[in-house]
Amino acid sequence: MAEPGKLARTMRIDLIPDTPAEPTTGRKRIIMATPTNRHKRIHPSAVKGKESDTRYQKLLQSVYDAVLISDMDGKIVDANIRAVDFLNFTREELCSISVFDIITGSDASLIQTLLENLKNERFTLIQAYCVRNDGSYFPSEIAVNKLDFDQPYLCFFLRDITLRRQAEEMLKTEHNAIQNSGNGIAVVDLQHHFEYVNPALASMWGFNSTEEIIGQDLGMLFSDKQAINQMAETVMGGQQIWTGEMQAAHNGDGGSFDVQVSAALNRNTDGESVGMVLSFVDISDTMEIRDENGPL
């Protein structure tokens, strides 16, 4: 039985860093169990009666995730149709191999870790690559729990997270691009308070770190507070992109410099307005040339 206060906790095992060493295309060599060790699917007697077995099978086949059920040694004894579709094995082939043939980077030590954790937790999450019958791989999130029938079994729920990982990688790429951009980038909420700024913005205004700006008002960066309000009204009210030149105030030294500002509406996943995204370019040198030579 789970210890008090631990029911909401989830142990996570990350096998994703063990990137598959085998080619991602071509057939993977599967070691088939010998006939004497071959495991059949869970027998109806294990679930105590024909009616219970029918319910068990209906539940197993209706689960959205691919499901593999193994004994305590990791040998697969049952699988649902989703697993057959996901992994491109027949059910008979799945029931003649081990979960170690499916989950890359796993071995008997994984079972021991799972059993130890499941003494106190309802389930454990694993992130790992899974291998299909044709040798191709996909990143997966696997939830594991323990089933107690006439004997204990482990139940593995496999979910393909390829699209999620692609989205995460794209977000990382975009974040790195923004962090390393030469332009100042900021995100403000509906009250014009900074939620995010990149290092270039902090450097442009003479701050030592981005943390000094987070939570502050956008107006602190500019000499003309009225211009900020007009820009915000244009973006938030008319839902238009605003571009213009403003005079910025240096941090603490009383000086000023010219910046070109671009502001656009920021929306959440529901399409609701949640603030603005702003980009800043220091145009002081351009303005000095313009002042010396007159309008271009």
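Here side chain to side chain donor-acceptor pair (under 3.5 Å) pairs that include residues 168-195, with residues two or more places apart or in two chains, are Gln179-Tyr196. Applying the side chain to side chain donor-acceptor pair (under 3.5 Å) test to every pair with at least one member in residues 225-238, sequence neighbours left out, gives no pairs at all.
Counting only distance, with no hydrogens or angles, the side chain of Thr113 and the backbone of Ser109 share a donor-acceptor pair below 3.5 Å. Not one N or O on the side chain of Gln216 forms a donor-acceptor pair closer than 3.5 Å with the backbone of Ile213. For the pair Asp148 (side chain) and Pro152 (backbone), a donor-acceptor distance under 3.5 Å is absent. Put simply, the side chain of Asn145 never gets that close to the backbone of Phe123: no donor and acceptor are under 3.5 Å apart. The main-chain N or O of Ala108 is never found under 3.5 Å from a side-chain atom of Gln112 such that the two would form a donor-acceptor pair.
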Check residues 58-65 and write down every donor-acceptor pair under 3.5 Å in which the side-chain atom is one partner and the other belongs to a residue at least two apart or another chain.
{"from": "Gln61", "atom 1": "OE1", "to": "Ile81", "atom 2": "N", "distance (Å)": "2.8"}
{"from": "Ser62", "atom 1": "OG", "to": "Lys58", "atom 2": "O", "distance (Å)": "3.1"}
{"from": "Ser62", "atom 1": "OG", "to": "Leu59", "atom 2": "O", "distance (Å)": "2.9"}
{"from": "Tyr64", "atom 1": "OH", "to": "Arg82", "atom 2": "NH2", "distance (Å)": "3.3"}
{"from": "Asp65", "atom 1": "OD1", "to": "Arg159", "atom 2": "NE", "distance (Å)": "2.7"}
{"from": "Asp65", "atom 1": "OD1", "to": "Arg159", "atom 2": "NH2", "distance (Å)": "2.9"}
{"from": "Asp65", "atom 1": "OD2", "to": "Arg159", "atom 2": "NH2", "distance (Å)": "3.4"}

Return all side-chain donor-acceptor pairs below 3.5 angstrom for residues 271-281, not counting sequence neighbours, or 'none' if the list is empty.
{"from": "Glu272", "atom 1": "OE1", "to": "Asn268", "atom 2": "ND2", "distance (Å)": "2.9"}

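Of all the heavy atoms in Ala66 and Ala83, the pair that sits closest is CB-CA, 3.5 Å. Heavy atoms only, all atoms of each residue included: Phe86 and Leu158 are closest at CE2-O, 3.9 Å. Pro139 approaches Arg165 most closely through the heavy-atom pair CB-CD, 3.1 Å.
For the side chain to side chain contact (heavy atoms under 4.5 Å, CB included) with Ile102, the qualifying choice from Phe89, Tyr129, Phe156 is Phe89, the only one to do so.
Met170 belongs to no hydrophobic cluster with other residues, because no ILVMFWY side-chain heavy atom falls under 4.5 Å from its own, directly or through intermediates.
The hydrophobic clustering, which links ILVMFWY residues whose side-chain heavy atoms are closer than 4.5 Å, places Ile185 and Met204 apart. Ile76 is connected to Val84 through a chain of hydrophobic side-chain contacts under 4.5 Å among Ile, Leu, Val, Met, Phe, Trp and Tyr, so both are in one cluster.
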- Give the intermediate values and the outcome of side-chain contact (heavy atoms from CB on, under 4.5 Å) for residues Met231 and Leu218. CA-CA 11 Å; Met231 175 190 71; Leu218 173 62; 3.9 Å; yes
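Among residues two or more places apart in sequence or in another chain, the salt bridge (charged side-chain N to carboxylate O under 4.0 Å, His left out) test is passed with Asp107 by none. Residues passing the salt bridge (charged side-chain N to carboxylate O under 4.0 Å, His left out) test with Arg267: none are found, sequence neighbours excluded. Here Ala264 pairs with Ile241 under the side-chain contact (heavy atoms from CB on, under 4.5 Å) rule; sequence neighbours left out. A search for side-chain contact (heavy atoms from CB on, under 4.5 Å) contacts involving Gln247 returns Ser223, Ser256, Asp258, not counting sequence neighbours. Scored by the side chain to side chain donor-acceptor pair (under 3.5 Å) test, Asp160 finds Thr162 as partners (sequence neighbours excluded). The side-chain contact (heavy atoms from CB on, under 4.5 Å) test applied to Ser106 returns Leu15, Phe100, Ile103, Leu110, not counting sequence neighbours. With sequence neighbours left out, Phe257 forms a ring pair (Phe, Tyr, Trp, His ring centres under 6.0 Å) with Trp205, His250.
With a 4.5 Å cut-off on side-chain heavy atoms, Lys75 and Ser70 do not count as touching. A 4.5 Å side-chain heavy-atom check between Leu147 and Leu154 finds every atom pair outside the cut-off. Under the 4.5 Å side-chain criterion, counting only non-hydrogen atoms from C-beta, Thr210 is not in contact with Phe194. The closest side-chain heavy-atom distance from Met246 to Ile228 is below 4.5 Å. Annotation: side chain of Phe138 is not in contact with side chain of Ile161 (no heavy-atom distance under 4.5 Å). By the 4.5 Å heavy-atom criterion applied to side chains, Val187 and Val197 are not counted as neighbours. Leu94 is listed as a side-chain neighbour of Leu87, based on a closest heavy-atom distance under 4.5 Å. Side-chain contact between Arg91 and Cys95 is present, with heavy atoms from C-beta onward closer than 4.5 Å.
For the atom pair CD1 of Ile126 and OG1 of Thr124, the computed distance is 7.0 Å after rounding to the nearest 0.5 Å. Separating the CG atom in Asn80 from the CD atom in Gln57 is a distance of 9.5 Å, to the nearest 0.5 Å. Summarising the geometry, atom CG belonging to Leu68 is positioned 11.0 Å from atom CG belonging to Asp101; distances are rounded to the nearest 0.5 Å.
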